[in-house]
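The structure under discussion appears below in the form of structure tokens.
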Amino acid sequence: GNATASVERTSIAFTGALALRPAFLPGLEVGGFGGFNPTDNPNTAIGTQGRAYFTYGGHAYYGANPGSKRVRAKVDVIGITYESLPGVKVQNSLGISLFGAVGMTPESELYARVESLQPDSQSINDP
């Protein structure tokens, strides 16, 4: 498919990210990102009006690479906030993912992951 439904766009989306790996705990990475997309493309539309949106997230990984640590853990949070339109409230989506793993042998690990997504923390339509 075509990401903008063949609608020409001149706006530019941008995102920035930062990751820190503190020396006091090898294997730990903490980071986040944020971005803004003002293009109002059809994929974000309510009716025929596209919406700009902010996207953001954060993570903490311990032992991000499989086999790098006997015990590994990860938490990710990601969100999207769409602009409001006449008659439409701001839409906020938020997701979280938790991961844990324990190495069983040098070649294997036992892991579990759970995810949750709240696709809209508010009603899209005004009452």
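Values in this document were obtained by computation on a predicted structure and should not be read as measured data.
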In terms of hydrophobic clustering (I, L, V, M, F, W, Y; side-chain heavy atoms under 4.5 Å; direct or indirect links), are V102 and L98 co-clustered?
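No, V102 and L98 fall in different hydrophobic clusters.
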Do Y62 and V30 share a hydrophobic cluster (ILVMFWY, side-chain heavy atoms under 4.5 Å, transitive)?
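Same hydrophobic cluster.
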Where [X] and [Y] come nearest, the two heavy atoms and their spacing:
| X | Y | answer |
| --- | --- | --- |
| F99 | Y111 | CE1-CD1, 3.6 Å |
| Y56 | S93 | OH-O, 4.2 Å |
| P38 | A52 | CA-CB, 3.8 Å |
| P66 | E109 | CB-OE2, 4.4 Å |
| S97 | E115 | OG-CG, 3.7 Å |

Separation between OG1 of T39 and OH of Y53, rounded to the nearest 0.5 Å
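Here the rounded value is 6.5 Å.
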Gap between atom OG of S11 and atom CG of D40 - 0.5 Å precision:
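Output value for this atom pair is 7.0 Å.
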Check this for me: L117, atom CG, are more than 12 non-hydrogen atoms of other residues, nucleotides or ligands nearer than 6.0 Å?
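It does: L117 CG has more than 12 such atoms within range.
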Run the numbers on V90 and T81 for side chain to side chain contact (heavy atoms under 4.5 Å, CB included), then give the verdict.
CA-CA 7 Å; V90 170; T81 299; 3.5 Å; yes
Might you work through the side chain to side chain contact (heavy atoms under 4.5 Å, CB included) test for D76 and I96, ending with a clear yes or no?
CA-CA 6 Å; D76 289 298; I96 186 168; over 6 Å; no
Under the 3.5 angstrom rule, does the side chain of R51 hit a backbone N or O of A45 as a donor-acceptor pair?
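Not confirmed, R51 side chain does not pair with A45 backbone.
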For a quick test of your reading: what N or O donor-acceptor pairs under 3.5 Å do the side chains of residues 13-28 make, sequence neighbours left out?
residue, atom, partner, partner atom, Å
R21, NE, E29, OE1, 3.0
R21, NH2, E29, OE1, 2.9

Decide yes or no for F54 and I80: does some side-chain heavy atom of the first lie under 4.5 Å from some side-chain heavy atom of the second?
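Side chain of F54 against side chain of I80, heavy atoms only: no contact under 4.5 Å found.
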For a 4.5 angstrom cut-off between non-hydrogen side-chain atoms, does N92 reach Y82?
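In short, these two side chains do not touch, never coming nearer than 4.5 Å.
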